[in-house]
Amino acid sequence: MEPTLIDKPRALNYYCANASEINSKLKYAKIIGTGSSVPKTVLSNSDLEKMVDTSDEWITSRTGIKERRIADENTAASDVAYKAAEKALKVACVSPQNLDAIIVGTVTPDFVFPSTACVLQSLLGAKKAYAFDLMAGCSGFLYTLHVAEGIIKSGGAEKILVIGVDILSKITDFEDRSTCILFGDGAGAAVLTASDKPGILSSILSSDGDDWDLLYVPAGGSRTPIGEEVLKSRDQYIKMKGNDVFKVAVKSMESATINALNKANVSPEDIDLFVPHQANYRILEAVRKRLNFPEEKVFANLDKYGNTSAASVPLALDEAVNKGRIKEGNLVLFAAFGAGFTWGASVVKL
Ligand code: COA
């Protein structure tokens with residue numbers, strides 16, 4: 001079994017020496033540290049074979065997923081986010097007390113309110129930071145990046161912790177074979193700072209609310225609070241029209257990546273690594289082929305973690321950094337698609 005990402009050596013620690021020199025430069029928002037964390041418990045395809053009418057062969061061939069991590073009953077989003085944040089802050093040489101803001105992208109907050117970002121702020125002791133959550137489904141991390149970049153460029157903060165975290169197992173129906181095979185739990189974090197060195201070069205975000213009901217959780221909000229009827233209909237869990245989602249995901253991620261490349265004025269050949277949202281290997285392959293990326297330039301870890309929603313891109317980013325697939329000065333392309341629908345892409349110099 002692969003070890004969790006915890007305790008693996010970091011590679012993005014070369015900014016430590018520069019930390020004081022970049023304080024007053026506000027031209028770019030730059031990622032100076034990444035971290036990630038996943039729960040220890042592995043749920044394999046063969047485990048799922050015992051729970052629903054499915055097979056390892058079906059799941060592997062339709063999705064590329066072999067296993068995923070599942071949080072225990074006492075673990076919430078802030079617990080996993082905290083571990084990812086701690087690592088990212090350590091790599092960035094930024095103490096929690098020096099954070100100006102914390103933004104958490106999630107659809108599985110600890111509570112309806114307060115925000116998971118506020119709970120995390122307390123766990124970290126980040127007294128100076130303002131903290132808020134942002135909901136954009138599986139695009140959550142790209143939305144947090146974009147918002148953090150805007151805040152930094154406007155002078156509203158110098159150092160921001162952004163997190164993508166989801167504990168989807170808590171809203172997954174383990175009697176529904178069409179969804180329970182896809183999702184997993186995890187968190188990924190990045191520390192952003194104002195810098196005179198190029199960082200986020202472009203970012204494109206889009207939404208189309210007309211299709212909100214193709215991927216959603218019907219109950220638990222103000223429209224349908226949880227009650228006996230909800231529990232009977234299992235409407236507290238994710239409902240998805242997988243086929244429809246698949247088609248829109250491919251088209252949207254393709255258009256967002258092209259727009260992000262154009263906005264950054266770079267071509268696909270300039271990109272060192274494409275780190276897409278890890279939803280389904282067939283989606284990744286379809287997008288890769290449409291963009292004409294060679295296979296070795298696409299990072300995939302969904303075989304180990306499944307679709308971890310807002311955590312997927314930063315979890316993949318951190319793993320790519322740790323594996324030496326991304327080095328200082330590399331150009332990385334992110335793309336994501338999720339419930340809403342929401343989607344986006346970013347070109348980032350690391
Ligand atoms: N095991 C075995 N059979 C399954 C199954 C499972 N886990 N889930 C569905 N099936 C069956 C269906 O019942 C259907 O059977 P039928 O033909 O007898 O009706 C058949 O497999 C095909 O179902 P379909 O939904 O058309 O499969 P698909 O090729 O579209 O794959 C998904 C399903 C969910 C893997 C795929 O649509 C997908 O990945 N969609 C995108 C989901 C996503 O990424 N969501 C998050 C966005 S961020």
Side-chain angles (χ1 to χ4, degrees), residues 43-68 105-108 134-144 164-169 171-186 188 205-217 237-257 275-288 300-303 305-316 334-345:
L43 184 70
S44 68
N45 290 350
S46 53
D47 295 329
L48 282 166
E49 283 175 353
K50 295 172 199 123
M51 297 161 72
V52 288
D53 181 14
T54 191
S55 65
D56 174 45
E57 194 283 318
W58 194 95
I59 302 170
T60 307
S61 62
R62 299 286 176 125
T63 71
I65 299 165
K66 297 296 286 182
E67 59 186 42
R68 65 289 292 142
T106 187
V107 297
T108 48
L134 181 159
M135 189 193 281
C138 301
S139 313
F141 183 73
L142 289 195
Y143 271 65
T144 64
V165 57
D166 269 309
I167 308 297
L168 287 183
S169 62
I171 56 165
T172 295
D173 187 348
F174 284 97
E175 293 184 8
D176 175 4
R177 70 176 181 172
S178 69
T179 54
C180 72
I181 53 135
L182 296 172
F183 302 118
D185 302 336
L205 297 182
S206 300
S207 308
D208 182 356
D210 288 348
D211 285 330
W212 60 266
D213 57 350
L214 292 183
L215 174 54
Y216 76 125
V217 176
Y237 295 127
I238 297 170
K239 311 284 177 208
M240 182 180 68
K241 298 210 168 64
N243 239 311
D244 297 329
V245 175
F246 190 102
K247 287 176 209 146
V248 192
V250 173
K251 266 194 276 175
S252 307
M253 281 169 69
E254 181 195 9
S255 67
T257 47
V275 182
H277 170 46
Q278 310 282 311
N280 179 323
Y281 190 69
R282 289 190 295 140
I283 296 180
L284 265 62
E285 264 302 282
V287 176
R288 181 188 74 75
N301 63 0
L302 59 84
D303 54 325
Y305 306 119
N307 179 348
T308 56
S309 186
S312 132
V313 169
L315 182 60
F334 300 130
F337 177 86
F341 289 134
T342 59
W343 63 97

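Whatever order the structure lists ligands and atoms in, that order sets their numbers, starting from 1. Since this is a predicted model, take the numbers as computed values, not measurements.
Here the straight-line distance linking atom OG1 of Thr179 with atom CG of Asp176 works out to 3.5 Å at 0.5 Å rounding. Separation of atoms CG (Leu182) and CD1 (Ile59) is listed at 8.5 Å; rounding is to 0.5 Å. Note that the CZ atom of Phe183 and the OG atom of Ser169 stand 11.5 Å from one another [nearest 0.5 Å]. Considering CG of Leu315 and OG of Ser309, their distance stands at 12.0 Å, rounded to 0.5 Å.
Between Arg68 and the options Asn307, Asn45, Thr172, a side-chain contact (heavy atoms from CB on, under 4.5 Å) holds for only Asn45.
With respect to Asp303 and Lys66, no salt bridge is recorded, no charged nitrogen being found less than 4.0 Å from a carboxylate O.
For atom 25 (O) of ligand 1, the closest heavy atom belonging to the protein is Asn243 ND2, 3.9 Å. Closest protein heavy atom to atom 13 (O) of ligand 1: Arg177 NH2, 2.9 Å. The protein heavy-atom contact nearest to atom 46 (C) of ligand 1 is Asn307 ND2, 3.5 Å. Closest to atom 44 (O) of ligand 1 among all protein heavy atoms lies Ala279 CB, 3.4 Å. Of all protein heavy atoms, the one lying nearest to atom 29 (O) of ligand 1 is Arg62 NH1, 2.7 Å. Scanning all protein heavy atoms for the shortest distance to atom 45 (N) of ligand 1 gives Met240 SD, 3.2 Å.
Using a 4.0 Å threshold on non-hydrogen atoms, atom 2 (C) of ligand 1 counts as touching the protein. In this structure, atom 16 (P) of ligand 1 has no protein heavy-atom contact shorter than 4.0 Å. For atom 48 (S) of ligand 1, a protein heavy-atom neighbour is found at a distance under 4.0 Å.
The closest approach between a heavy atom of Val245 and any atom of ligand 1 is below 4.0 Å. Ligand 1 does not have Ala249 within reach: every non-hydrogen atom of the residue lies 4.0 Å or more from it.
Under 4.0 angstrom from ligand 1, there are no non-hydrogen atoms of Val52. Counting heavy atoms closer than 4.0 Å to ligand 1, residue Ile283 contributes side-chain atoms (C-beta onward) but none from N, CA, C or O. Contact annotation: for Asn280 versus ligand 1, heavy atoms closer than 4.0 Å belong to the side chain alone. In Ile181, the part holding a heavy atom less than 4.0 Å from any atom of ligand 1 is the side chain.
By the 3.5 Å distance cut-off applied to N or O atoms, Gly242 is counted among the residues near ligand 1. For the pair His277 and ligand 1, the shortest N or O to N or O distance does not fall below 3.5 Å. For Arg282, a nitrogen or oxygen atom sits less than 3.5 Å from a nitrogen or oxygen atom of ligand 1, counting backbone and side chain alike. For ligand 1, the polar-atom distance check against Thr54 finds a nitrogen or oxygen pair separated by under 3.5 Å.
Ring geometry for Trp212 against Tyr216 counts as perpendicular: the plane angle is over 60°, on a 0 to 90° scale with 30° as the lower cut.
Residue Cys138 has at least one heavy-atom neighbour below 4.0 Å for each of these atoms of ligand 1: 48 (S). Close approach of ligand 1 to Thr63 is summarised as follows: ligand atoms under 4.0 Å from at least one heavy atom of the residue are 35 (C). Close approach of ligand 1 to Phe337 (heavy-atom distance below 4.0 Å) involves ligand atoms 48 (S).
Of the possible polar contacts, one joining the Ser139 side chain to the Thr342 backbone as a donor-acceptor pair under 3.5 Å is found. Side-chain atoms of Asp166 come within 3.5 Å of backbone atoms of Val107 as a donor-acceptor pair (strictly under, hydrogens ignored). Checking side-chain atoms of Thr63 against main-chain N and O of Thr60 turns up no donor-acceptor pair under 3.5 Å. Judged by distance alone, the side chain of Asp56 and the main-chain N or O of Ser46 form no donor-acceptor pair under 3.5 Å.
Among Phe341, Trp58, Trp343, the residue whose heavy atom sits closest to atom 9 (C) of ligand 1 is Trp58.
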Start with the C-alpha distance between Thr308 and Asp185, add both sets of side-chain angles, then the distance that settles side chain to side chain contact (heavy atoms under 4.5 Å, CB included), and finish with yes or no. CA-CA 5 Å; Thr308 56; Asp185 302 336; 5.9 Å; no
Working note: Asp210 + Phe341, criterion side chain to side chain contact (heavy atoms under 4.5 Å, CB included); need CA distance, chi angles, decisive distance, verdict. CA-CA 8 Å; Asp210 288 348; Phe341 289 134; over 6 Å; no
May I have the list of side-chain donor-acceptor pairs in residues 279-287 shorter than 3.5 Å, sequence neighbours left out?
residue: Asn280; atom: OD1; partner: Arg282; partner atom: N; Å: 2.7
residue: Asn280; atom: ND2; partner: Arg62; partner atom: O; Å: 3.0
residue: Arg282; atom: NE; partner: Arg62; partner atom: O; Å: 2.8
residue: Arg282; atom: NH2; partner: Arg62; partner atom: O; Å: 3.3
residue: Glu285; atom: OE1; partner: Arg288; partner atom: NH2; Å: 3.0
residue: Glu285; atom: OE2; partner: Arg288; partner atom: NE; Å: 2.7

